[in-house]
4 protein chains.
Amino acid sequence: MAKLLDAGAQVFATKGFHAARVDDIVKAAQTSHGTFYLYFPNKEALFRALAEDVAAQMEGLSESLGPVTPDEAGKSELRAWLARFSEVYERSGAVIGAWTAAETGDSEVGRIGTELLGGFAVMLSRRISGGTPDGVEPAVAAMALVAMIERYQYYALSGMVRADRDAVLDTLAGVTHAALFGAVAGAPVRAS
Amino acid sequence: MAKLLDAGAQVFATKGFHAARVDDIVKAAQTSHGTFYLYFPNKEALFRALAEDVAAQMEGLSESLGPVTPDEAGKSELRAWLARFSEVYERSGAVIGAWTAAETGDSEVGRIGTELLGGFAVMLSRRISGGTPDGVEPAVAAMALVAMIERYQYYALSGMVRADRDAVLDTLAGVTHAALFGAVAGAPVRAS
Amino acid sequence: MAKLLDAGAQVFATKGFHAARVDDIVKAAQTSHGTFYLYFPNKEALFRALAEDVAAQMEGLSESLGPVTPDEAGKSELRAWLARFSEVYERSGAVIGAWTAAETGDSEVGRIGTELLGGFAVMLSRRISGGTPDGVEPAVAAMALVAMIERYQYYALSGMVRADRDAVLDTLAGVTHAALFGAVAGAPVRAS
Amino acid sequence: MAKLLDAGAQVFATKGFHAARVDDIVKAAQTSHGTFYLYFPNKEALFRALAEDVAAQMEGLSESLGPVTPDEAGKSELRAWLARFSEVYERSGAVIGAWTAAETGDSEVGRIGTELLGGFAVMLSRRISGGTPDGVEPAVAAMALVAMIERYQYYALSGMVRADRDAVLDTLAGVTHAALFGAVAGAPVRAS
DNA sequence: TATGAATGAGATTTCATTCAT
DNA sequence: AATGAATGAAATCTCATTCAT
């Protein structure tokens with residue numbers, strides 16, 4: 001039921017998986033405990049439903065990244081993709097955030113998130129055209145950058161950092177692109 | 001008491017804050033519930049004690065980063081610092097990981113971690129000498145890179161990624177340095 | 001819930017506030033701990049609910065005392081009031097008794113009883129018509145008599161004294177009336 | 001040990017038997033748990049020791065009441081006795097108060113108080129010379145008056161009533177005497 | 001379908017008592 | 001004699017889940 005999914009997304013986002021009470025969710029959904037268990041066999045099932053929904057959106061996102069070349073076009077491609085990622089994250093990032101909060105060793109729940117992010121990294125490393133700076137393992141770099149992207153959005157979402165959207169996208173794209181390929185020689189450099 | 005702190009670190013690391021039971025902790029510490037409450041007024045107090053301890057270690061770490069210049073020396077400085085960070089993380093990262101799991105809105109607990117990471121970012125942005133690539137806000141970049149570093153270590157710790165230590169340090173240093181300054185023009189570039 | 005209130009009244013009466021276990025109460029109510037905490041946030045809340053209920057009954061009692069004159073009519077008025085008091089006490093005196101057992105300094109609980117008895121004393125002193133014997137302060141006397149009435153009922157309830165109801169009422173009315181006004185001169189006096 | 005007895009008296013007085021923690025007592029006595037159990041096998045033993053001490057004082061008090069006659073001499077006798085009672089109560093009344101708080105059904109503890117007060121009543125009824133007003137059972141009256149005396153002192157001690165000592169003694173003596181014998185015909189009567 | 005009162009297993013917390021030093 | 005850290009049985013309280021209506 002949609003009401004429950006919405007309520008769950010909101011409550012899990014606010015309090016995390018463990019601290020979220022079924023009671024909180026049914027109150028937010030303006031329904032009853034009975035109804036909750038009519039649609040979901042248990043609390044984790046609702047969480048998984050949300051997670052799978054997000055995973056599907058992310059799956060699509062994964063495929064939407066074109067080749068990331070070392071030139072400006074590659075950076076733009078990256079930025080555009082980050083913009084789409086950001087949008088999904090704004091809608092459902094709460095659940096993604098809760099994933100990591102679904103604490104290690106947790107019955108399956110954490111696994112979904114893990115696999116999803118791993119998938120992104122694989123995808124990203126596949127899209128990299130050109131080379132990487134000396135000493136940089138593409139697989140490791142891709143994973144690290146995915147970590148950065150996800151985490152930074154999480155910080156932004158949770159109010160930990162406040163920065164305007166465009167600056168964030170420019171910076172993440174710039175950082176990621178530079179990280180992968182190094183700045184184009186002769187590119188303008190801002191004095192710090 | 002040391003036994004309880006150790007046990008707490010281990011259990012919180014394994015199960016996260018919420019899923020960790022006082023019972024798990026006292027069993028791991030081979031002591032009794034009574035003893036637990038003799039030293040800590042409640043579960044959160046033990047967690048906070050651990051967190052503050054880690055925060056202190058991190059504080060020291062923060063000050064140990066020298067100037068990060070755009071040349072190879074800067075990259076080495078960064079790598080050395082990452083190695084130290086990594087060591088602390090290996091010992092206590094479990095608690096750091098649990099911070100984010102101590103989930104939003106959680107009475108103070110989450111705040112410690114938030115502030116700590118913010119502090120790192122500020123420190124990192126202060127150490128940056130030279131300039132940053134066009135479009136890259138130093139403050140945003142620093143925060144993003146801290147997010148990357150912390151998160152990647154978390155992934156490594158939780159077994160999500162498996163990579164040998166040196167490769168990881170090389171890559172993180174390379175990525176971070178490149179992200180901040182771009183690859184030095186003419187540097188050898190590996191074919192992907 | 002009525003079952004819990006009844007059970008609480010009975011258990012508090014038997015064992016006092018502190019010695020009463022939530023377990024005793026839910027067993028007496030033939031229900032579960034969960035149900036207890038569904039209706040009351042804690043043990044004290046149930047006690048307070050009972051106390052407030054008794055206080056309400058007592059409030060009504062207070063208003064039901066007519067003028068107590070020095071003649072026989074005054075004594076009858078007093079006796080009738082004592083009979084009503086006694087009835088309330090028999091039903092709920094257990095809680096009243098537990099008040100004093102809810103021991104000094106106890107978060108609010110004791111206060112209710114204190115104020116209630118003080119209210120009775122004020123009321124009684126207002127109803128006294130005529131005069132009081134030399135050296136007798138009406139306010140002090142009223143308080144002392146309320147103490148006597150309450151305490152004696154408590155003794156009777158707790159089985160500390162055994163006496164038939166009519167004799168008790170006659171004696172309390174006689175003692176109180178005599179205490180307030182002295183025996184009517186020339187009244188028949190029993191040899192001891 | 002004297003320190004523990006003093007501390008016990010004070011703590012039991014403040015919090016009652018159940019709410020008093022052994023910890024409170026040893027802290028007040030500036031000693032340790034170990035020492036407590038060196039001198040007393042358990043918490044109740046300390047309470048009983050205090051109670052027996054008070055009982056001994058009271059025992060003496062009981063015997064010190066001379067004949068209470070219906071005339072002014074009887075009233076003075078009563079007043080003098082009340083003054084002595086009051087003194088004992090001021091020192092140890094806390095324990096007496098805690099007796100009734102040692103809640104019904106409590107392992108022996110409550111019994112001591114009960115028997116003591118019953119003894120007072122018996123003693124008082126024996127000392128009554130003359131007669132009692134019509135309808136007043138001497139035994140019941142004596143018990144009721146003892147209840148009044150004890151309870152009123154308790155109220156005074158616990159700060160529930162505030163009145164100066166002489167007025168209280170005058171009033172209690174006056175009330176008790178009048179209650180037993182009625183005012184002497186022709187005695188001055190204060191307008192209310 | 002929907003409800004929400006009821007449940008009870010399991011979590012946290014307290015505190016009288018013990019015992020090695 | 002004195003200590004106080006340690007204990008664990010027993011208490012309070014929580015919350016995911018069930019079920020009669």
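Order of the sequence lines sets the chain letters (A, B, ...), proteins ahead of strands, with each chain counted from 1. Because the structure is a prediction, the values reported are computed rather than measured.
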Are any protein N/O atoms closer than 3.5 Å to N/O atoms in nucleotides 1-3 of chain F? If there are, list each pair with its distance.
unit_1 : atom_1 : unit_2 : atom_2 : d
F:dA2  : OP2    : D:Y39  : OH     : 2.4
F:dT3  : OP2    : D:T31  : OG1    : 2.8
F:dT3  : OP2    : D:T35  : OG1    : 2.8

Requested in this report: Represent DNA chain F in dot-bracket notation, 5' to 3'. Only Watson-Crick or G-U wobble pairs with both distances under 3.5 Å count; pseudoknot-style crossings use [ ] and interstrand partners use |.
Outcome: .||||||||||||||||||||

Can you name the nearest heavy-atom pair linking [X] to [Y], along with the distance?
| X | Y | result |
| --- | --- | --- |
| D:L5 | D:L46 | CD2-CD1, 3.5 Å |
| D:A19 | D:D24 | O-OD2, 4.0 Å |
| A:A28 | A:Q10 | CB-OE1, 4.4 Å |
| B:G8 | B:L50 | C-CD1, 3.7 Å |

Query raised in the report: Counting just side-chain N and O atoms, does C:Y37 come under 4.0 Å of either OP1 or OP2 of F:dT14?
Result: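 No, no such contact exists.
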
Do any side-chain atoms of residues 34-42 of chain C form donor-acceptor pairs under 3.5 angstrom with protein atoms, and if so which ones, sequence neighbours left out?
unit_1 : atom_1 : unit_2 : atom_2 : d
C:T35  : OG1    : C:T31  : OG1    : 3.2
C:T35  : OG1    : C:S32  : OG     : 3.1
C:N42  : OD1    : C:E44  : N      : 3.3
C:N42  : OD1    : C:A45  : N      : 2.9

Enter the distance from [X]:[atom1] to [Y]:[atom2] here, rounded to the nearest 0.5 Å.
| X | Y | atom1 | atom2 | value |
| --- | --- | --- | --- | --- |
| D:E150 | C:Y155 | CD | OH | 5.0 Å |
| A:K43 | A:F12 | NZ | CZ | 6.0 Å |
| C:R21 | C:K27 | CZ | NZ | 12.0 Å |

Report task. Return the orientation label for the A:H18 and B:H18 ring planes: parallel under 30°, perpendicular over 60°, tilted otherwise. Result ->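 Geometry flag for B:H18 against A:H18: parallel rings.
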
Query raised in the report: When you list every nucleotide of DNA chain E with an atom under 4.0 Å from a heavy atom of chain A, which one comes first 5' to 3', and which comes last?
Result: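 Nucleotide range with atoms under 4.0 Å of chain A: E:dT1 to E:dA5.
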
**Report entry** Test side-chain contact (heavy atoms from CB on, under 4.5 Å) applied to B:D53 - qualifying residues, sequence neighbours left out
**Finding:**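 side-chain contact (heavy atoms from CB on, under 4.5 Å) list for B:D53, sorted by chain: B:Q57.
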
Between [atom2] of [N] and [atom1] of [X], the distance in whole Å:
| X | N | atom1 | atom2 | result |
| --- | --- | --- | --- | --- |
| A:E44 | F:dA16 | CD | C1' | 13 Å |
| B:D23 | F:dG8 | CG | C1' | 12 Å |
| C:K43 | F:dA10 | NZ | C1' | 13 Å |
| A:F47 | F:dA16 | CZ | C1' | 17 Å |

Query raised in the report: Which residues pass the salt bridge (Lys or Arg N to Asp or Glu O under 4.0 Å) test with C:K3, sequence neighbours left out?
Result: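 C:K3 satisfies salt bridge (Lys or Arg N to Asp or Glu O under 4.0 Å) with no residue once adjacent residues are dropped.
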
